[in-house]
Amino acid sequence: MSDLTSNLFFLIFTFTILYVAYTFPRLQPKQTNLVFYVHDHFTGDHATAATVAGKSGPASSILRFGTVAIVDDPVTEGPGMESTLIGRAQGVYVNSQLDGKALYMVFSIVFTHGEFKGSTLEIQGSDIFAMKEREFGVVSGTGYFRFVKGYGIMETEFMDLPNLRATLKLNVTVKHY
């Protein structure tokens, strides 16, 4: 009789677990699509990026292999600097291609205004800046973007190579809870 009771209990327990697993609603991730602009200025009165190391020390050009730069670039809703400021892109670029035409980038989009204020997106990937479109990974986030994963497409909206100034359009798609 004891075996019958144990088997019956096991059977009821198993069916209960299966019922709960297949009938309760599952938490589905939300998808958020964002488009914003990063203004990267290595020169001028309002420079937001600076080289900190390289073959020639801090005076190295970001266009040379091995140069490391730090950035604290404004992020806006539109392509113009007069557009609404929504945050900052803060992080590091490393020129990682022998011919100097690609950067490895790792930076945070820190939202300081608007709907996502207080949240961040962590971006990582290669920026072969001679290409029209470059894809990068969104590897983490905080606040509204907790448990995020996703990708983005970067396009150069404006580039003044001699003065090392650019405006980048980032089209980001992320899934999060």
Side-chain angles (χ1 to χ4, degrees), residues 1-40 48-49 52 68-80 83-97 101-157 166-177:
M1 187 73 168
S2 175
D3 283 342
L4 181 62
T5 305
S6 294
N7 286 340
L8 186 60
F9 175 76
F10 177 75
L11 191 61
I12 292 171
F13 179 76
T14 302
F15 281 130
T16 303
I17 294 296
L18 288 172
Y19 176 78
V20 168
Y22 286 100
T23 59
F24 275 72
R26 293 188 181 103
L27 188 59
Q28 294 296 318
K30 296 180 271 185
Q31 180 169 307
T32 301
N33 299 323
L34 302 163
V35 176
F36 49 83
Y37 296 81
V38 175
H39 304 273
D40 200 23
T48 59
V52 294
V68 178
I70 54 172
V71 298
D72 184 9
D73 297 333
V75 176
T76 61
E77 285 183 349
S83 181
T84 302
L85 181 73
I86 57 172
R88 307 293 294 186
Q90 300 171 329
V92 177
Y93 297 155
V94 178
N95 193 310
S96 57
Q97 191 165 307
K101 295 181 180 174
L103 305 174
Y104 173 73
M105 56 185 189
V106 57
F107 61 91
S108 302
I109 300 294
V110 180
F111 292 95
T112 57
H113 299 84
E115 179 181 358
F116 307 117
K117 181 179 180 178
S119 300
T120 66
L121 288 173
E122 305 303 319
I123 291 174
Q124 180 177 326
S126 179
D127 178 7
I128 304 170
F129 49 85
M131 294 175 61
K132 179 175 173 30
E133 291 185 346
R134 294 86 77 190
E135 189 168 336
F136 57 86
V138 178
V139 297
S140 183
T142 63
Y144 184 82
F145 299 111
R146 194 172 291 135
F147 296 116
V148 74
K149 64 179 176 179
Y151 73 98
I153 304 292
M154 180 186 305
E155 295 179 65
T156 303
E157 187 79 13
T167 301
L168 307 169
K169 178 182 178 182
L170 278 65
N171 188 337
V172 175
T173 301
V174 293
K175 291 192 176 189
H176 54 98
Y177 294 96

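- Separating the CD atom in Q31 from the NZ atom in K175 is a distance of 5.0 Å, to the nearest 0.5 Å.
- Taking all atoms of both residues into account, the shortest heavy-atom contact from P74 to L85 is CB-CD1, 3.8 Å.
- Side-chain N or O atoms of S83 include one that pairs as donor or acceptor with a backbone N or O of G78 at under 3.5 Å.
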Stepwise side-chain contact (heavy atoms from CB on, under 4.5 Å) test for L168 and F129
CA-CA 10 Å; L168 307 169; F129 49 85; over 6 Å; no

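- The closest side-chain donor-acceptor pair between Q124 and Y104 falls under 3.5 angstrom.
- Remark: the backbone N or O of D72 is paired with a side-chain donor or acceptor of R88 at under 3.5 angstrom.
- The structure places CD of Q97 at 10.5 Å from CG of D127, a figure rounded to the nearest 0.5 Å.
- For Q28 against Y177, the heavy-atom pair with the smallest separation is C-CE2, 4.0 Å.
- Rounded to the nearest 0.5 angstrom, F136 CZ and L170 CG are separated by 4.0 Å.
- In this structure, Y144 and F116 have tilted ring planes: the angle between them lies in the 30° to 60° band.
- Distance check: I86 CD1 to L34 CG gives 7.5 Å after rounding to the nearest 0.5 Å.
- Interatomic distance, NE2 of H176 versus OG1 of T32, reported as 2.5 Å (0.5 Å rounding).
- Scanning both residues, G118 and T142, for their nearest heavy atoms gives O-OG1, 4.3 Å.
- In terms of heavy atoms, T167 sits closest to P79 at CG2-O, 3.6 Å.
- Looking at heavy atoms from C-beta onward, R134 lies out of side-chain contact with M105 at the 4.5 angstrom threshold.
- For I128 against A102, the heavy-atom pair with the smallest separation is CG1-CB, 3.8 Å.
- Using a 30° and 60° split on the angle between ring planes, F111 and F36 fall in the perpendicular class, above 60°.
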Applying side-chain contact (heavy atoms from CB on, under 4.5 Å), run through K169 and Y37 and close with a yes or a no.
CA-CA 5 Å; K169 178 182 178 182; Y37 296 81; 3.5 Å; yes

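- Listed here is the closest heavy atom pair of V148 and G141: CG1-N, 3.4 Å.
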Output, in order, the C-alpha distance, side-chain angles, deciding distance and verdict of side-chain hydrogen bond (donor to acceptor under 3.5 Å, both in side chains) for H39 and T48.
CA-CA 8 Å; H39 304 273; T48 59; over 6 Å; no

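- Other residues, nucleotides and ligands contribute at most 12 non-hydrogen atoms within 6.0 Å of the OH atom of Y151.
- Residue K117 places its NZ atom among 12 or fewer non-hydrogen atoms of other residues, nucleotides or ligands, all under 6.0 Å distant.
- Distance check: R146 CZ to T120 OG1 gives 10.0 Å after rounding to the nearest 0.5 Å.
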Working note: Y93 + N95, criterion side-chain contact (heavy atoms from CB on, under 4.5 Å); need CA distance, chi angles, decisive distance, verdict.
CA-CA 7 Å; Y93 297 155; N95 193 310; over 6 Å; no

